[in-house]
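Report on the structure given below.
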Amino acid sequence: MQKPIMAVTGDDTAATGDMPTYQIRAPTTALPQGVVMAASPGSLHSPQQLAEEATRKRELRLMKNREAAKECRRRKKEYVKCLESRVAVLEVQNKKLIEELETLKDICSPKTD
DNA sequence: AATTCGAAACGTCACAAATG
DNA sequence: CATTTGTGACGTTTCGAATT
């Protein structure tokens with residue numbers, strides 16, 4: 001129950017020029033991996049650690065946003081359902097009022113002849 | 001069956017509004 | 001101010017029904 005998603009992540013240098021006018025912000029976790037250099041004295045984080053932290057943050061953000069989107073859709077769906085049932089109620093009410101108006105018209109109309 | 005199609009659900013991005 | 005949260009827009013995936 002876990003599907004491998006293959007979404008378009010523009011992280012390669014294809015550059016065909018017809019991208020969806022989108023994807024401006026490629027985080028690009030492309031680190032020239034290897035070469036571990038000691039962190040400079042005083043600095044608490046090596047560049048790798050910083051990159052890992054950034055990746056971690058991004059994944060957390062994606063996860064949260066995923067859930068937020070689901071919840072947002074759930075709420076919206078409910079809202080629409082609510083509106084629809086209100087429409088149904090109002091339509092019935094409107095129909096009744098129109099009928100009532102017609103009968104009242106009949107009652108009040110002056111007799112011809 | 002295999003294929004096609006439309007609708008619903010999804011994940012991600014960009015951006016505005018809310019929050020601390 | 002910087003960060004976080006909510007949502008519209010877009011492209012993708014999944015699903016069920018109709019058609020071949």
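Model, not experiment: these values are computed from the prediction. Proteins get letters first, then strands, A, B, ... in listed order; numbering begins at 1 in each.
If you take CG of A/L60 and C1' of C/dT3, they are 13 Å apart, rounded to a whole angstrom. Rounded to whole Å, atom P of B/dC13 lies 9 Å from atom CZ of A/R61. Look at NZ on A/K64: it is 16 Å from P on C/dT7, rounded to the nearest Å. When rounded to the nearest whole Å, the span between NZ of A/K57 and C1' of C/dT4 equals 12 Å. In this structure, the CZ atom of A/R73 is 10 Å from the C1' atom of C/dT7, given to the nearest Å. Going from atom CD of A/E67 over to atom P of B/dT12 covers 11 Å, rounded to whole Å. With rounding to whole Å, A/M63 atom CE is found 15 Å from B/dC10 atom P.
In this structure, the separation between CE on A/M63 and CZ on A/R58 is 14.5 Å, given to the nearest 0.5 Å. Of the inter-residue distances, the one linking A/L97 atom CG with A/L90 atom CG reads 10.0 Å to the nearest 0.5 angstrom. Residue A/K105 holds its NZ atom at 5.0 Å from CG of A/L101, rounded to the nearest 0.5 Å. Between A/L104 atom CG and A/S109 atom OG the span is 11.0 Å, to the nearest 0.5 Å.
Close to B/dA9, at under 4.0 Å from its OP1 or OP2, lies no side-chain N or O of A/K70. Listed pair A/R58 / B/dG11 fails the phosphate criterion, with no side-chain N or O lying under 4.0 Å from OP1 or OP2.
Here side-chain hydrogen bond (donor to acceptor under 3.5 Å, both in side chains) pairs that include residues 87-101 of chain A, with residues two or more places apart or in two chains, number zero. Pairs passing the side-chain hydrogen bond (donor to acceptor under 3.5 Å, both in side chains) check and including a residue from residues 68-86 of chain A, sequence neighbours excluded, read A/E71-A/R74.
Over its length, the helix from B/dA1-C/dT20 to B/dG20-C/dC1 turns its helix axis by 20°, as judged from the five terminal pairs at each end, rounded to 10°.
Contact of A/N65 with C/dT7 (side chain to base): a donor-acceptor pair of N or O atoms is detected under 3.5 Å.
Residues of residues 74-82 of chain A that place a heavy atom closer than 4.0 Å to DNA chain C, in numerical order, are A/R75, A/K76.
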